[in-house]
Amino acid sequence: MFEKQSNMFHIGLSSEQGAGYAILPGDPGRVEKIASYLQQPVFVCQNREYTTWSGMLQGERVLVTSTGIGGPSAAIAVEELAQIGVHTMIRVGTCGGMQTSVLSGDLVIPTGSIRMEGTSKEYIPLEYPAVPCFEVLQALVEAAQEQGKRYHTGVIQCKDSFYGQHQPESMPNASELMAKWQAWVKAGVLASEMETAALFTVAAVRKVRAGALMMTVWNQEREKQGLTNTRISDTSPAIQIAIEAIKKLISKDTGQR
């Protein structure tokens, strides 16, 4: 791991403002809501897409830092958080379902992410898989089970272009985009989003733990088939599970010290 440094250029945090654990939403607008689940939540700083609050859980300081949209900004957040001492990170975000069994409001806990993006390629060749830390994955699954939430585990797709997914026919390489999408669907890929491949890859390279869970906003495959497909935007269940997973990890880490 990096030596701790001060005045991170992008996230705006110093080593004195660091913590061991962090929850990473993409949207800066969700940071305060997530922090409200912590004890003694306080605003720390804001710079560009990176807004940070902090609080306490079971005697440990926890950061909530937004990463913005996509791999490049997520990778920066992971890099700079690792430099100020964060060793465990959980992404809490949203996704679009790809299997008709993944309903709006369902939670998706990825066991791997397709690296259909550019950021992770600048870290390690594509043959290296983008997978979460098993300990974090296990804590998330246990938390989801204990809270009785409907969830799915499996592979998800991570891309760089939102409109490449939703308007592929308008792109010069439409045939490639649509063929790959159908391949992912046929292979059982659960959902699509834009940050996990970078998160998992950079965390592995920098020797920190990372995991993720997303709330399914809607499902374009269900939409295509005329199936019920209500849009849902409340991420509270995902936040609650992330908080419980962090508690489990703190308890385990504390017991091992």
Side-chain angles (χ1 to χ4, degrees), residues 26 67-75 78 91-134 136-137 140-141 144 150-205 210-232 238:
T67 66
I69 297 175
S73 58
V78 175
R91 162 165 157 68
V92 178
T94 58
C95 63
M98 294 175 65
Q99 300 299 312
T100 55
S101 58
V102 180
L103 308 179
S104 299
D106 284 2
L107 299 173
V108 175
I109 304 174
T111 58
S113 183
I114 296 169
R115 293 170 57 192
M116 194 177 159
E117 39 71 58
T119 302
S120 69
K121 297 172 188 175
E122 297 197 25
Y123 282 82
I124 198 162
L126 274 173
E127 289 81 2
Y128 188 90
V131 295
C133 166
F134 179 76
V136 180
L137 172 64
L140 288 166
V141 170
R150 180 179 161 92
Y151 73 94
H152 307 264
T153 57
V155 176
I156 65 170
Q157 179 237 27
C158 186
K159 79 283 185 181
D160 278 339
S161 173
F162 180 86
Y163 289 101
Q165 173 187 338
H166 292 284
Q167 297 177 6
E169 68 284 350
S170 70
M171 305 297 180
N173 62 336
S175 59
E176 177 184 349
L177 292 173
M178 291 188 285
K180 284 187 174 181
W181 180 267
Q182 288 306 312
W184 308 143
V185 172
K186 288 179 181 179
V189 174
L190 295 173
S192 179
E193 56 83 72
M194 299 181 70
E195 289 80 32
T196 52
L199 169 66
F200 294 162
T201 303
V202 179
V205 170
L213 79 160
M214 282 79 66
M215 194 276 298
T216 307
V217 176
W218 78 308
N219 186 315
Q220 71 185 70
E221 291 301 308
R222 290 183 64 85
E223 190 85 1
K224 288 178 186 176
Q225 297 184 32
L227 301 173
T228 303
N229 191 36
T230 304
R231 290 177 183 262
I232 295 178

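Position 1 is the first residue of the sequence, and the numbers go up from there. Keep in mind that the numbers below use all heavy atoms, side chains included, and drop hydrogens, waters and symmetry copies.
Residues that satisfy the side-chain hydrogen bond (donor to acceptor under 3.5 Å, both in side chains) test with Gln167, not counting sequence neighbours, are absent from this structure. Legend: residues meeting side-chain hydrogen bond (donor to acceptor under 3.5 Å, both in side chains) with Glu117, ordered by chain and number and at least two apart, are Ser120. Remark: Met171 engages Ser161, Tyr163, Asn173, Leu177 in a side-chain contact (heavy atoms from CB on, under 4.5 Å) (not counting sequence neighbours). Applying the side-chain hydrogen bond (donor to acceptor under 3.5 Å, both in side chains) rule to Lys186 yields no partners; only residues at least two apart in sequence or on another chain are considered. Under the rule for a side-chain contact (heavy atoms from CB on, under 4.5 Å), the partners of Met98 that lie at least two apart in sequence or sit in another chain are Gln157, Trp181, Trp184, Val185, Val189, Ser192. Listed by chain and residue number, Ile109, Thr111, Val141, Tyr151 satisfy the side-chain contact (heavy atoms from CB on, under 4.5 Å) test with Thr153 (two or more places apart in sequence, or in another chain). Residues satisfying the side-chain contact (heavy atoms from CB on, under 4.5 Å) criterion with Val217, sequence neighbours excluded, are Thr94, Met215. The side-chain hydrogen bond (donor to acceptor under 3.5 Å, both in side chains) test applied to Asp106 returns Arg150, His152, not counting sequence neighbours. For Phe134, there are no ring-ring contact (aromatic ring centres under 6.0 Å, His included) partners, not counting sequence neighbours.
Using a 4.5 Å heavy-atom cutoff, the side chains of Leu199 and Val78 are in contact.
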Show me the side-chain donor-acceptor pairs of residues 122-132 shorter than 3.5 Å, one per line, residues at least two apart or across chains.
| unit_1 | atom_1 | unit_2 | atom_2 | d |
| --- | --- | --- | --- | --- |
| Tyr123 | OH | Glu79 | OE2 | 2.6 |

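In this structure, Glu195 CD and Ile69 CD1 are separated by 7.5 Å, a value rounded to the nearest 0.5 Å.
Formation of a donor-acceptor pair under 3.5 Å by the Asp160 side chain with backbone atoms of Met116 is not found in this model. Judged purely by atom type and a 3.5 angstrom limit, Asn229 uses its side chain to pair as donor or acceptor with the backbone of Asn219.
Residue pairs meeting the salt bridge (Lys or Arg N to Asp or Glu O under 4.0 Å) criterion with at least one partner in residues 215-230, sequence neighbours excluded, are Glu221-Lys224. The salt bridge (Lys or Arg N to Asp or Glu O under 4.0 Å) contacts involving residues 164-182 comprise Glu176-Lys180, where partners must be two or more places apart or lie in separate chains.
At a threshold of 4.0 Å, the pair Arg91-Glu193 counts as salt-bridged, since one of the basic side-chain nitrogens sits closer than that to a carboxylate oxygen.
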- Message: For a side-chain contact (heavy atoms from CB on, under 4.5 Å) check, start with the C-alpha distance between Thr216 and Val108, then their side-chain angles and the critical distance, and finish with the verdict.
- Response: CA-CA 7 Å; Thr216 307; Val108 175; 3.7 Å; yes
